[in-house]
There are 2 protein chains.
Amino acid sequence: MASDKAYETITADDVAQLAGVSRWTVHRAFKKDASISAKSRGKVMAAAETLGYVPDLLAVSLASDRSGLVAILVDDFANPQQTTNIALLTKTLRRAGWHTLLVHTLDEVDASAGLLHASQHRVDAAILIGGRFNDEELAAALGAQRLRRLIVYGRVSLNPKTVSICCDDTDAMTEVAEYVLSRGYRKPLFVAGPPTKSAHILRKDVFLQRWAEATGTTPEVIVAGSYDPDHANGVVTAHFDALERAAYPDVVVCETDAIAMGAMDALRYGFGLRVPDDIAVTGFDDVPYAGNRNYDLTTYQQPNAVLADAVVEVLKGAANTAQFSKLSGKLVVRSSA
Amino acid sequence: MASDKAYETITADDVAQLAGVSRWTVHRAFKKDASISAKSRGKVMAAAETLGYVPDLLAVSLASDRSGLVAILVDDFANPQQTTNIALLTKTLRRAGWHTLLVHTLDEVDASAGLLHASQHRVDAAILIGGRFNDEELAAALGAQRLRRLIVYGRVSLNPKTVSICCDDTDAMTEVAEYVLSRGYRKPLFVAGPPTKSAHILRKDVFLQRWAEATGTTPEVIVAGSYDPDHANGVVTAHFDALERAAYPDVVVCETDAIAMGAMDALRYGFGLRVPDDIAVTGFDDVPYAGNRNYDLTTYQQPNAVLADAVVEVLKGAANTAQFSKLSGKLVVRSSA
DNA sequence: ATTTTTCTTGCACGCGGGTGCAAAAGCGCC
DNA sequence: GGCGCTTTTGCACCCGCGTGCAAGAAAAAT
């Protein structure tokens, strides 16, 4: 194993000495369009090369007040949409020059603690992907702490101090509702995710409203306490257990793919139902597994790349952030409905 | 959205002024068992409370040469075992007081670049979870850069400058082989993951050897280029496409659950085979989905919590690190084999 | 009351690098 | 060669906090 001092620290001073210039000249050599002669920049670069000099980002952050770090707060790794987002965001941010501090928040209270820790690292922004948090409380923290920006990802926050980056649930869920109606389903069950304290997912409300407009009836709704497929499985099982066969819905509309997958497993293995022959299922997000032959889920595809790019825009100081909460994806029709 | 200066920076100086003491006394107040009078500590704490003072971790890191940061390098978010590990590690590390820098490495070359960036943040350790890297090259970097420890997670690295934390593939895969033999299977197909440049997964070799010892025959082997289930699906499909029905193996032994899940999908949906009636499948890792009713995979359960705890031990400076590469899990028998 | 001993406290200096300004060097020109 | 101007370079000071040491204050011993 590596000893605690296996490395030697090369600072700008070392480079300066070798190059025969002052430390500040070294810094200039590394700074794009700084006033420095070609000759001394050459000397510095050569010296830096031979010494293997790399600037210390900690010191850079301290001095420049920009850390190049973005915190991502996540609370539910069982939700495939979240892991997908983490993967995409870390990749996108890295390409754009930011590094990621991944904070695994344990519960709602802990989200604030996580945010505090992130701020102590002077992150340039904190992105909330998780579901269990209270953005009012967070916004309070926002004022007091060293937090530049708070980005709520994948849902709408009404707090003006935060930036929401998400697709327009109204358009999206309306499209899903239209599709379900157009396919002739008439007895839907909506499976919602955990209720939110503040930053909302509007899918349920939109679906219910659109459905009521079109049919004059209100669909039944059940609520899953988390976006873990296994949990959704249990909730759906409990619901169907209490139902006569004749009372089964003809379509199960789920707030997310994670829920849809759990629901589908429940229907198939718990009640021997065939999808879509006996009952249809729709999801939302189009996570990687949704296209899998097991599920082949009809779902609404999030514009993931666009969302991730929006984060970079915000980091770069985009002025008009309102547009970022109205992005749109597209309906993906597969065999499940 | 938050303006760029929404926060006010409260430093120890501010607290000192309010408390009527010097800055150093403030630091002492926050330092466990520092020599300071109860009275002034009280004053400091009160002042810190009213101002909402929180130490700047960047400055702490710079001054103390300990960042409290650990980098996790990952390359494949499609592999459920990796996301599981990320979740567990971030949680475990956070509880133990470390924060996580998540680096999404794009390819093998990029792993070195990622490690370099991590070192620029003075991480206390870097953990390699990914598969696509070359640990010799990384070890070279290790000497030159500001990297205290390099932990290779989930596989064995022979490089003495790194610490391997993983379960003992020899014991584990022997157990799997014994089980497969005991169930009467005689015509196995081994589906291996991508070949490694240096830090190895020994499962294939162990299985082949044990099988040869027991039966005198050598199982057929095919190689998947990644641990993405979809990719494995394709590889298995291609293999079976070229086979007569009579030549099908009776059991498909997979290097990981991710591969097993892809393989199972291929067998079922591509060739109409029933698992385990027509063909059996085994995995390795026991990822969350492995227990799902769709797969219900017989697999070898990694001692995840033990592995994660081992990381903390190493960070705390555990002397005897050799033990950490010989941990053991347990065989989980389900219906797939 | 004086001297020791023990606590407390203040402070210089360092971590590695960024900023703005002033001195120095280089330049063209008369 | 001397002048004024532009480019280079050096430097003081700062980011916020930690360490070790020495001076000051309080408590104990004489």
Side-chain angles (χ1 to χ4, degrees), chain A residues 5 7-17 19-45 47-48 51-69 119-124 145-146 148, chain B residues 4-5 7-45 47-48 51-69 119-124 145-146 148:
Chain A
K5 272 292 181 188
Y7 59 84
E8 19 172 350
T9 304
I10 309 283
T11 74
D13 278 308
D14 301 319
V15 178
Q17 192 169 8
V21 297
S22 71
R23 179 162 76 73
W24 296 273
T25 303
V26 173
H27 290 304
R28 285 199 188 84
F30 278 90
K31 193 171 174 183
K32 189 73 182 169
D33 52 55
S35 88
I36 183 176
S37 69
K39 189 176 59 180
S40 43
R41 169 168 273 156
K43 281 193 297 184
V44 169
M45 289 317 213
L51 290 177
Y53 168 73
V54 173
D56 184 320
L57 294 179
L58 234 50
V60 172
S61 305
L62 184 61
S64 69
D65 205 42
R66 285 192 64 262
S67 66
L69 234 44
S119 78
Q120 289 186 272
H121 281 286
R122 293 205 196 172
V123 295
D124 294 335
Q145 290 158 18
R146 200 195 303 278
R148 284 194 177 57
Chain B
D4 273 21
K5 270 294 180 185
Y7 58 86
E8 17 171 352
T9 303
I10 309 282
T11 72
D13 277 308
D14 301 319
V15 178
Q17 193 170 9
L18 182 67
V21 298
S22 71
R23 179 164 72 75
W24 296 272
T25 303
V26 173
H27 291 304
R28 285 198 188 83
F30 278 90
K31 193 171 172 180
K32 189 74 182 167
D33 51 57
S35 89
I36 183 176
S37 69
K39 189 178 58 181
S40 42
R41 167 168 273 154
K43 283 193 297 184
V44 169
M45 289 319 214
L51 290 177
Y53 168 73
V54 173
D56 183 322
L57 294 180
L58 234 50
V60 171
S61 304
L62 184 60
S64 70
D65 205 44
R66 287 192 62 263
S67 66
L69 234 44
S119 77
Q120 289 186 272
H121 281 286
R122 292 203 195 175
V123 295
D124 293 335
Q145 289 158 17
R146 202 194 302 279
R148 286 196 176 56

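Values reported hereafter were calculated over all heavy atoms of this structure, with side chains retained and with hydrogens, waters and symmetry mates removed. Here is the naming used below: chain letters follow the sequence lines, and residue numbers restart at 1 for every chain.
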Rounded to the nearest angstrom, tell me the gap between atom [atom1] in [X] and atom [atom2] in [N].
{"X": "L62(A)", "N": "dG18(C)", "atom1": "CG", "atom2": "P", "value": "11 Å"}
{"X": "L58(A)", "N": "dG18(D)", "atom1": "CG", "atom2": "C1'", "value": "14 Å"}
{"X": "R122(B)", "N": "dG18(D)", "atom1": "CZ", "atom2": "C1'", "value": "12 Å"}
{"X": "K31(A)", "N": "dG16(C)", "atom1": "NZ", "atom2": "C1'", "value": "16 Å"}

CG/L57(B) to CD/Q120(A) distance, rounded to the nearest 0.5 angstrom?
4.0 Å
Looking for any heavy atom pair under 4.0 Å, which part of the strands does F30(B) touch: base, sugar-phosphate only, or nothing?
nothing
Any side-chain N or O of [X] under 4.0 Å from OP1/OP2 of [N]?
{"X": "S22(B)", "N": "dG10(C)", "answer": "yes"}
{"X": "S61(B)", "N": "dC17(D)", "answer": "no"}
{"X": "K39(A)", "N": "dT8(D)", "answer": "no"}
{"X": "H27(B)", "N": "dC17(D)", "answer": "no"}
{"X": "S64(A)", "N": "dT19(C)", "answer": "no"}

Can you tell me whether the side chain of R23(A) and the base of dG10(D) have a donor-acceptor pair closer than 3.5 Å?
no
Report yes if a donor N or O on one partner sits less than 3.5 Å from an acceptor N or O on the other, where the partners are the side chain of R28(B) and the base of dG10(C); otherwise report no.
yes
Which residue lies toward the 5' end of DNA chain D, W24(A) or A38(A), if each is placed at its nearest nucleotide?
A38(A)
Does a salt bridge link R148(B) with D65(B), judged by any charged N lying under 4.0 Å from a carboxylate O?
yes
